[in-house]
S.K.: 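Pasting a structure below so you can have a look.
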Amino acid sequence: MGDYSVNLPPGFRFCPTDEELVLHFLYHKASLLPFHPNIIPDLDLCLYDPWDFINGKTLSSGSTFYFFSKVTENRFTKKGYWMDLDIDEPVLTSAGKKVGIKKHLVFYIGQAPDQGYETAWIMQEYHLCNYGVSGAFYNRRVKRKDRTKWVLCRVHERKGNFAECFCCSDDEDNGTELSSLDEMYLSTIDDDLDEINFS
């Protein structure tokens with residue numbers, strides 16, 4: 001991981017909460033404050049397709065990949081694009097204070113939004129709130145608009161049911177993995193079962 005390598009203890013596992021990702025990592029990055037360990041690299045989202053992350057471009061924790069990126073509306077890559085699902089979740093502190101927003105995106109292969117092929121790659125994109133972080137966390141040397149230039153991205157490849165991608169994304173892999181063809185076959189079985197009257 002280049003300059004982001006640090007001496008971490010054996011058995012170290014990176015599994016932060018949403019609150020920790022926003023307050024400890026994203027806020028410090030955007031506010032130019034030091035934080036340790038500094039293990040999440042910067043990446044230009046448009047230069048890489050999600051399968052490129054496996055090659056050490058990002059911080060990986062199991063099959064989940066983390067990196068900082070500049071905020072951009074253009075999420076096109078070499079082979080496709082990230083589509084925003086318009087699912088924005090608030091990131092709250094333990095005291096219930098809103099400090100960030102988590103957006104959900106899916107990667108599509110293709111360059112035309114109406115002709116893309118949906119893949120199993122999912123991204124959660126963490127944004128700071130302009131108004132949510134203040135008091136002890138506020139750095140007056142950094143303009144508020146400058147703090148919103150960075151996002152923290154968490155990417156993983158979806159396994160199983162589509163709805164499962166939004167919960168427990170940090171769970172251990174249980175060893176069962178379905179191919180795309182298996183998922184398509186199981187979905188057709190479910191559709192057929194819905195049409196059968198069991199009464």
Side-chain angles (χ1 to χ4, degrees), residues 1 4 6 8 11-45 48 50 53-54 57-73 75 82-107 119-139 142 144-174:
M1 289 177 49
Y4 293 89
V6 293
L8 296 172
F12 174 84
R13 182 176 177 224
F14 190 70
C15 50
T17 64
D18 290 347
E19 178 184 356
E20 290 166 342
L21 285 173
V22 170
L23 288 184
H24 183 75
F25 291 96
L26 180 56
Y27 177 76
H28 284 74
K29 172 71 173 178
S31 298
L32 306 178
L33 294 171
F35 56 96
H36 182 78
N38 183 12
I39 55 177
I40 302 178
D42 302 343
L43 204 67
D44 185 341
L45 182 65
Y48 301 97
F53 300 154
I54 298 171
K57 303 288 184 187
T58 64
L59 168 65
S60 62
S61 179
S63 58
T64 304
F65 307 96
Y66 298 85
F67 58 93
F68 291 114
S69 184
K70 290 287 185 77
V71 173
T72 178
E73 293 298 322
R75 298 186 183 94
W82 291 96
M83 177 176 283
D84 192 338
L85 297 179
D86 292 325
I87 302 175
D88 294 356
E89 295 181 39
V91 177
L92 306 175
T93 66
S94 54
K97 184 175 183 179
K98 183 177 177 181
V99 291
I101 297 171
K102 179 168 67 171
K103 294 179 174 289
H104 295 272
L105 303 98
V106 174
F107 188 75
T119 71
W121 289 98
I122 301 294
M123 178 165 68
Q124 286 93 34
E125 194 176 74
Y126 293 86
H127 296 251
L128 281 174
C129 289
N130 283 331
Y131 52 87
V133 183
S134 60
F137 294 106
Y138 182 62
N139 180 4
V142 181
R144 283 180 178 266
K145 66 178 182 178
D146 292 337
R147 295 190 314 170
T148 60
K149 289 182 179 179
W150 288 97
V151 293
L152 195 158
C153 302
R154 177 170 65 187
V155 177
H156 67 278
E157 192 170 10
R158 183 175 71 232
K159 306 226 177 6
N161 191 304
F162 179 81
E164 293 173 359
C165 70
F166 299 118
C167 61
C168 306
S169 60
D170 292 329
D171 288 350
E172 293 273 345
D173 186 3
N174 61 9

S.K.: Applying side chain to side chain contact (heavy atoms under 4.5 Å, CB included) to Leu59 and Phe14, what does each step give before you reach the verdict?
M.R.: CA-CA 9 Å; Leu59 168 65; Phe14 190 70; 3.6 Å; yes
S.K.: Go through it in stages, so that I can follow the logic: the residues are Tyr126 and Val91, the test is side chain to side chain contact (heavy atoms under 4.5 Å, CB included), and I'd like the CA-CA distance, side-chain angles, deciding distance and then a yes or no.
M.R.: CA-CA 9 Å; Tyr126 293 86; Val91 177; 4.2 Å; yes
S.K.: Mind checking the CG-CG spacing from Leu21 to Leu152? Nearest 0.5 Å is all I need.
M.R.: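 It is 5.5 Å, given to the nearest 0.5 Å.
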S.K.: Flag the pair Asp42 and Lys70 as a salt bridge only when some basic side-chain nitrogen lies within less than 4.0 angstrom of an acidic carboxylate oxygen.
M.R.: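 No.
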S.K.: With rounding to the nearest 0.5 Å, note down the distance linking CD1 in Ile40 to NZ in Lys29.
M.R.: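 That separation rounds to 9.5 Å.
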S.K.: Who passes side-chain contact (heavy atoms from CB on, under 4.5 Å) against Glu20, sequence neighbours left out?
M.R.: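 For Glu20 the side-chain contact (heavy atoms from CB on, under 4.5 Å) partners, ignoring immediate neighbours, are Pro16, Thr17.
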S.K.: For the residue pair Ile101 and Cys129, what are the closest heavy atoms and their distance?
M.R.: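 So the two residues come closest at CG1-SG, 4.3 Å.
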S.K.: Test salt bridge (charged side-chain N to carboxylate O under 4.0 Å, His left out) on Arg154 and Asp18 and set out the steps.
M.R.: CA-CA 10 Å; Arg154 177 170 65 187; Asp18 290 347; 3.5 Å; yes
S.K.: So which heavy atom on Cys153 is nearest to which on Glu125, and how close?
M.R.: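 Closest approach of Cys153 to Glu125, heavy atoms only: SG-CG, 4.2 Å.
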S.K.: Quick one: sort the Phe65 and Trp121 rings into parallel, tilted or perpendicular, breaks at 30° and 60°.
M.R.: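 Answer is tilted, since the angle falls between 30° and 60°.
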S.K.: For the residue pair Tyr48 and Phe53, does the interplanar ring angle fall in the parallel (under 30°), tilted (30 to 60°) or perpendicular (over 60°) class?
M.R.: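 The rings of Tyr48 and Phe53 sit tilted, inter-plane angle from 30° to 60°.
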S.K.: Quick one: pull up OG in Ser94 and CD in Glu19 and give me the separation to the nearest 0.5 Å.
M.R.: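 Taking OG in Ser94 and CD in Glu19, the distance rounds to 5.0 Å.
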S.K.: Scan Leu43, Thr64, Val155 and name whichever one has a side-chain contact (heavy atoms from CB on, under 4.5 Å) with Thr58.
M.R.: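 Among Leu43, Thr64, Val155, the one meeting side-chain contact (heavy atoms from CB on, under 4.5 Å) with Thr58 is Leu43.
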S.K.: Calculate, to the nearest 0.5 Å, the distance between atoms CG and NE2 belonging to Leu33 and His24 respectively.
M.R.: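 These two atoms lie 11.0 Å from each other.
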S.K.: May I ask you to decide if the ring planes of Phe68 and Trp150 are parallel, tilted or perpendicular, using 30° and 60° as cut-offs?
M.R.: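 Perpendicular.
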S.K.: What distance do Ile122 atom CD1 and Gln124 atom CD have between them, rounded to the nearest 0.5 Å?
M.R.: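 Going from CD1 on Ile122 over to CD on Gln124, the span is 7.5 Å.
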S.K.: Any chance you could lay out the side chain to side chain contact (heavy atoms under 4.5 Å, CB included) test for Leu128 and Val99, step after step, and finish with the verdict?
M.R.: CA-CA 6 Å; Leu128 281 174; Val99 291; 6.0 Å; no
S.K.: What residues form a salt bridge (charged side-chain N to carboxylate O under 4.0 Å, His left out) with Asp88, not counting sequence neighbours?
M.R.: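 Listed in chain order: Lys103.
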S.K.: Measure the CZ-OG distance between Arg75 and Ser69 for me, rounded to the nearest 0.5 Å.
M.R.: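 The distance works out to 9.0 Å.
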S.K.: For Leu85 and Val106, work out which heavy atoms get closest and say how close.
M.R.: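 Between these two residues, the closest heavy atoms are CD1-CG2, 3.5 Å.
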S.K.: Regarding His104 and Glu89, is there a side-chain donor-to-acceptor distance under 3.5 Å anywhere?
M.R.: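 Checked: His104/Glu89 side chains pair up, N/O donor to acceptor below 3.5 Å.
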